*Asks:* 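Structure in structure tokens, see below.
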Amino acid sequence: MSSSANALHNALSSAPPSTVATSLLFGTITFTYASLAARSWLAGDSRPISLSFSSSSSSSSSSAVKQKAERLNLKSFLSVFMVLHQLTIFGGILLFAYVCEHHPPFPHGEKSYDRDEFFFIVAIFFCSAAYTVSKNELVAAGSGGGGATNEEVGGE
């Protein structure tokens, strides 16, 4: 056995089963997403790629119009591609959390508990939450708010 194969064997034998299973699951999802993206790009259809990246960035903007999500259609390439895109992002977040937890760039410090500091931080969070509360405005009937208007209920 070569030294690199021996190192890989040692790493896999010491890893918890949940880590190996998560790596296999999200590795497969990421590989499938990348292969479908390559298939779309090579076929000259950039629509799935552009839609997957535009939906991620526009969902955070406040001026974007909220649209009702459609059900997953397993026969639709675009629907499967979008689900794989979101699962790949989720796998990347989990990978980042794993690396930060198990391979820290700095050594862990001594843990200490300070009750005054804790209650001060909690009070700051509550004050900031109370400061950002605002009254919701009624949504007009034509903008897709979903609420019934007087005309729909039977009023004038």
Side-chain angles (χ1 to χ4, degrees), residues 4 6-37 46-74 76 78-153 155:
S4 63
N6 192 17
L8 180 62
H9 176 70
N10 289 339
L12 285 177
S13 64
S14 65
S18 61
T19 302
V20 175
T22 304
S23 301
L24 287 174
L25 175 69
F26 286 106
T28 304
I29 288 171
T30 303
F31 178 77
T32 306
Y33 170 71
S35 63
L36 289 178
S46 64
R47 186 176 55 119
I49 299 169
S50 62
L51 282 176
S52 64
F53 286 108
S54 68
S55 69
S56 298
S57 62
S58 68
S59 64
S60 62
S61 67
S62 60
S63 64
V65 176
K66 303 284 185 191
Q67 296 179 353
K68 186 176 179 181
E70 297 178 15
R71 294 181 62 183
L72 175 65
N73 182 5
L74 293 177
S76 168
L78 186 60
S79 181
V80 172
F81 189 81
M82 295 294 284
V83 167
L84 288 174
H85 174 77
Q86 297 300 322
L87 287 174
T88 301
I89 291 173
F90 181 62
I93 293 170
L94 288 178
L95 176 67
F96 178 74
Y98 174 81
V99 168
C100 289
E101 180 67 27
H102 294 288
H103 305 286
F106 305 107
H108 288 284
E110 187 74 24
K111 292 186 179 182
S112 64
Y113 175 73
D114 185 7
R115 187 178 310 203
D116 294 336
E117 181 182 354
F118 171 75
F119 284 119
F120 177 72
I121 291 172
V122 169
I124 293 293
F125 283 142
F126 277 113
C127 289
S128 65
Y131 183 71
T132 59
V133 172
S134 61
K135 184 177 179 182
N136 291 336
E137 297 179 16
L138 293 176
V139 179
S143 64
T149 61
N150 281 341
E151 292 82 27
E152 294 170 348
V153 176

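Small disclaimer: the values here were computed from a predicted structure and weren't measured.
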*Asks:* Return the orientation label for the Phe118 and Tyr113 ring planes: parallel under 30°, perpendicular over 60°, tilted otherwise.
*Replies:*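 Judged by the thresholds at 30° and 60°, the geometry between Phe118 and Tyr113 is tilted.
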
*Asks:* Please give me the minimum heavy-atom distance between Thr32 and Leu84, naming the atom from each residue.
*Replies:*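 For Thr32 and Leu84, the tightest heavy-atom pair comes out as CG2-CD1, 3.7 Å.
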
*Asks:* Measure across Ser79 and Asn73 and return the closest heavy-atom pair with its distance rounded to 0.1 Å.
*Replies:*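 Minimum heavy-atom contact is OG-N, 3.2 Å.
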
*Asks:* Using atom types as modelled and distance alone, determine if a side-chain donor or acceptor of Thr30 lies under 3.5 Å from a backbone N or O of Gly27.
*Replies:*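 No; zero donor-acceptor contacts below 3.5 Å.
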
*Asks:* As an exercise, state the distance from CD of Glu101 to CZ of Phe96, rounded to the nearest 0.5 Å.
*Replies:*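 Rounded to the nearest 0.5 Å, the CD-CZ separation comes out at 12.0 Å.
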
*Asks:* Can you measure from CD1 (Ile89) to CD (Gln86) and round to the nearest 0.5 angstrom?
*Replies:*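 The CD atom of Gln86 is 4.5 Å from CD1 of Ile89, to the nearest 0.5 Å.
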
*Asks:* Ignoring hydrogens and geometry, is there a side-chain-to-backbone donor-acceptor pair from Thr22 to Thr19 under 3.5 Å?
*Replies:*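 It does not hold such a pair.
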
*Asks:* For the pair Phe26 and Phe90, name the ring-plane relationship: parallel under 30°, tilted 30 to 60°, perpendicular over 60°.
*Replies:*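 It falls in the perpendicular class, over 60°.
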
*Asks:* Rounded at 0.5 Å granularity, tell me how far CG in Leu87 sits from OG1 in Thr28.
*Replies:*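 If I round to the nearest 0.5 Å, the distance is 12.0 Å.
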
*Asks:* Distance from Ile49 atom CD1 to Leu36 atom CG, nearest 0.5 Å?
*Replies:*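 Ile49 atom CD1 to Leu36 atom CG measures 10.0 Å (nearest 0.5 Å).
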
*Asks:* Once you round to the nearest 0.5 Å, how far does OG of Ser35 lie from OH of Tyr33?
*Replies:*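 Between Ser35 OG and Tyr33 OH, I get 11.0 Å after rounding to 0.5 Å.
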
